[in-house]
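Atoms within a ligand are numbered from 1 in the order they appear, just like the ligands themselves. Just so it is clear, the structure is predicted and the values come from calculations on it, not from any experiment.
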Amino acid sequence: MMEYDVPTQADNAILTFDVVNVRAAFPILHQQVHGKPLAYLDSAATSQKPTCVIEAIDDYYRRYNSNVHRGVHKLAEEATHEYEQARVKIARFIGSPSHTQIVYTRGTTESINLVASAWGDANVGEGDEVLVTHMEHHSNIVPWQMLCKRTGATLVVAPIDKTGTLVMDAFERQLTERTKVVAVAHVSNALGTINPIERIIELAHGVGAVVVVDGAQAVPHMQVNVEALDADFYAFSGHKMCGPTGIGVLYGKADRLEAMGPYQGGGDMIKSVTFKHTEYNDVPYRFEAGTPNIVGGIGLGVAVDYLTGVGMDKIAAYEHELLEYGTAALQQIDGLRLIGTADRKAGVLSFVLDGIHPYDMAPILDRQGVAVRTGHHCAQPVMDFFGVPATARASLAFYNTRAEIDQLFVALKKAKEMLA
Ligand code: PMP
């Protein structure tokens with residue numbers, strides 16, 4: 001272990017966290033890359049998958065692959081049961097009062113597009129405003145821009161400060177009776193900032209706005225309770241929380257979902273169809289046209305069980321400790337500038353190195369077995385704000401270790417020697 005000046009004391013949650021045991025559940029982590037042990041520090045892009053999720057996918061295709069909801073044979077019944085049970089587990093995991101408030105989607109992106117279309121088109125008009133923040137991922141900007149274009153509403157952007165913290169005074173001032181929707185990240189993927197989401201929702205509700213929370217970077221890293229938050233809509237992706245790709249969730253308040261028309265038309269979202277008239281299905285099926293990602297839903301249910309078993313509070317505490325260790329390590333590197341230094345942060349370390357373009361740095365880190373992401377992280381307005389074309393981003397998960405951060409530290413020193 002390297003000697004950095006790490007500010008916090010380990011608490012019980014960290015001391016009882018058995019990372020060796022956790023890592024044993026992730027086969028992909030135990031490999032060498034370019035002759036070096038893999039240090040996978042790119043979990044904000046996508047998380048790795050534990051054996052139980054991989055085996056559930058395999059089991060579905062080997063044993064009971066079948067379409068859901070319509071069949072009356074044994075395989076179809078088992079597939080439907082597992083797929084719908086997963087919805088119940090997901091509801092419980094995020095504190096949704098009912099599984100009928102869990103809409104399966106392809107991921108956060110589709111969840112937000114669903115709200116912007118099915119809710120937005122019916123409720124937002126000319127003269128209205130959509131309030132987003134400067135730290136949003138493109139998927140929480142572009143669907144709203146498109147809605148504004150369709151309806152004549154205006155996109156308003158709440159500012160951030162140089163630490164990457166939302167400027168709450170300004171946000172509060174921007175909230176008016178014209179604000180129809182507030183679309184905000186719970187946790188920023190580019191900066192790691194944890195937004196004061198309870199307060200944001202409370203303030204937004206004060207002017208009658210509907211709040212759409214992008215929870216893509218929150219649900220994998222902390223205990224989220226959508227009912228306690230009082231979020232109107234909450235979106236997240238399965239693949240960032242140990243589940244498969246191509247599956248995600250839109251949670252919605254029951255009355256909001258009930259009042260919404262469909263998103264796409266097709267099979268499964270209907271009760272009856274004639275050429276004259278179609279009666280739409282109940283919530284949530286109304287929003288789930290066509291054959292869904294069955295194995296994705298089942299796999300996400302298993303991922304949720306797995307995360308619950310490890311314990312979200314333990315995960316949050318352990319990742320926080322790793323973040324502090326990583327921050328202390330990176331601060332020891334001359335010429336390294338952290339982008340995103342908010343007081344409340346999740347496990348994201350975005351940085352630039354003086355005189356070295358992130359794109360030149362990444363291949364050198366890769367040769368050392370270190371997987372980080374370089375680029376704009378689908379948050380170009382954040383890059384513009386900090387005046388950088390791109391950053392390198394190490395993002396942490398509960399299966400990472402201090403040793404992997406040491407490996408990043410050594411690899412960065414090497415990159416500096418080679419490029420500076
Ligand atoms: N929002 C945030 C904050 C994200 O980090 C991401 C994924 N990088 C998304 C939205 C989009 O998620 P997906 O690509 O899974 O739809």
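Between Phe17 and Tyr318, the gap from one ring centroid to the other is short of 6.0 Å. The ring of His376 has its center closer than 6.0 angstrom to the ring center of His138.
In this pair, Phe26 and Tyr399 present their aromatic rings tilted. The plane angle is within the 30 to 60° band. Under the 30°/60° scheme for interplanar angles, the aromatic rings of Tyr60 and Tyr64 are found to stand perpendicular.
Distances shorter than 4.0 angstrom occur between a heavy atom of His239 and an atom of ligand 1.
For Lys414, the NZ atom counts as loosely surrounded, since its 6.0 Å shell holds 12 or fewer non-hydrogen atoms of other residues, nucleotides or ligands. With a 6.0 Å radius and a threshold of 12 heavy atoms from other residues, nucleotides or ligands, Asp343 has its CG atom at or below the threshold.
Set against the non-hydrogen atoms of Thr109, the atoms of ligand 1 under 4.0 Å away are 11 (C), 12 (O), 13 (P), 14 (O), 16 (O). Taking a cut-off of under 4.0 Å to the non-hydrogen atoms of Ser237, the atoms of ligand 1 that pass are 12 (O), 13 (P), 15 (O), 16 (O). Each of the following atoms of ligand 1 lies closer than 4.0 Å to a heavy atom of Asn189: 3 (C), 5 (O). Atoms of ligand 1 found under 4.0 Å from any heavy atom of Ser139, numbered from 1 in the order shown, are 1 (N), 9 (C), 10 (C), 11 (C).
At a heavy-atom distance under 4.0 Å, no atom of Ala185 approaches ligand 1. Counting heavy atoms under 4.0 Å from ligand 1, residue Asp214 touches it through the side chain alone.
The closest non-hydrogen atom to atom 5 (O) of ligand 1, taken over Arg373, Gln217, His377, comes from Gln217.
The shortest N/O to N/O separation between Glu110 and ligand 1 does not fall below 3.5 Å.
Protein heavy atom at the shortest distance from atom 4 (C) of ligand 1 is His137 CD2, 3.4 Å. With respect to atom 7 (C) of ligand 1, the closest heavy atom belonging to the protein is Lys240 NZ, 2.6 Å.
Ionic pairing of Arg178 and Asp128 is not present here: no N-O contact between side-chain nitrogen and carboxylate oxygen is shorter than 4.0 angstrom.
Considering every non-hydrogen atom in both Thr108 and Ala216, the closest pair reads OG1-CB, 3.4 Å.
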